[in-house]
Amino acid sequence: MLTGPQKSADLPAASLQCELGRRLEDIRRRIEAAALRSGRDPAGIGLIAVSKTQPAQTIRALAEHGQRDFGENYLQEALPKLAALQDLPLTWHYIGRLQSNKTREVAQWFQWVHTLDRERIARRLNEQRPPWAPPLQVCIQVRLGDESGKGGVTPEALAPLAHSIGELPRLRLRGLMCIPPPHETFEAQQAMFTILAEHRRRLIQQGFELDTLSMGMSADLEAAVAAGATWVRIGSALFGKRKRR
Ligand SMILES: *Cc1c(COP(=O)(O)O)cnc(C)c1O
């Protein structure tokens, strides 16, 4: 674990560069160790650097260490950063709440959406995905417990939404995502993630081709990897603690 992360914006450029490299290395080691402990190939687990509240120059510094996938939660904050970093071969993941008046820009600028939870939003993204772009890669966010305010479909609504998305040619349903309520122990964390893995297994039995489980953050990535995560979404362990918005 990292100790006493400094706010990256307060560090001078060269030491920020070194510090980010160390933290990235540390996260990669955690992912690899967790994968090996559960007999998985570490190559099957992707790392999304969650760069909300981080300036473009910090993202650029991390990209120089080879990080390619970045996650953003707030569209207004993300768009200027995406524009400023267009010279880099980055993949952008939208992981925030989706409002219908924001779908056009999400469909234009992002390659992935992890937080799809309504048919209406899916239809809008499908219509608004530019014709020159490949289909938008999407995950359905599933609510596993009391996540009031966090979004996500109930388990009962999951299969109907998956069927609707399957009809939309400009979206490609890749899998499921969750943000479980925080749990202290590894066992409790793993139990939540295993529920999401079970949901995916059931959809696969129904004929869906789903290769993705987007789950695990700084505090619980080991449990998520043990339960089958294919994307972990890491913010504070890479960039340091966020200021409250
Ligand atoms: C902020 C955020 C993360 C990263 O959380 P950390 O605990 O900082 O690693 C991951 N996923 C989502 C959806 C988030 O909003």
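All ligand and atom numbering here is 1-based and tracks the order in the structure.
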Quiz item: Does any N or O in the side chain of R143 come within less than 3.5 Å of the main-chain N or O of G152, such that one atom is a donor and the other an acceptor?
Solution: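 Confirmed, R143 side chain pairs with G152 backbone.
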Quiz prompt | Test item: S164 side-chain N/O and P160 main-chain N/O as donor-acceptor pair under 3.5 Å | solution =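 Checked: pair present.
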Quiz item: F208 vs H163 aromatic rings, parallel, tilted or perpendicular, using cut-offs 30° and 60°?
Solution: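 Rings of F208 and H163: perpendicular, as their planes differ by over 60°.
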Practice problem: Evaluate the side-chain proximity of M192 to L196: yes if any heavy-atom separation is below 4.5 Å, no if none is. | Solution: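 With C-beta onward as the side chain, the pair stays apart.
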Quiz prompt | Smallest separation among heavy atoms of L79 and E105, with atom names | solution =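 Nearest pair, atom of L79 first, then E105: CD1-OE2, 3.5 Å.
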Self-check item: Summary of salt bridge (Lys or Arg N to Asp or Glu O under 4.0 Å) pairs that have at least one residue in residues 130-140, sequence neighbours excluded
Solution: none
Self-check item: Sorted by chain and number, the residues that approach ligand 1 to under 4.0 Å with a heavy atom
Solution: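 The 4.0 Å shell around ligand 1 contains V50, K52, N73, I95, M177, I179, M217, S218, R233, I234, G235, S236, R242.
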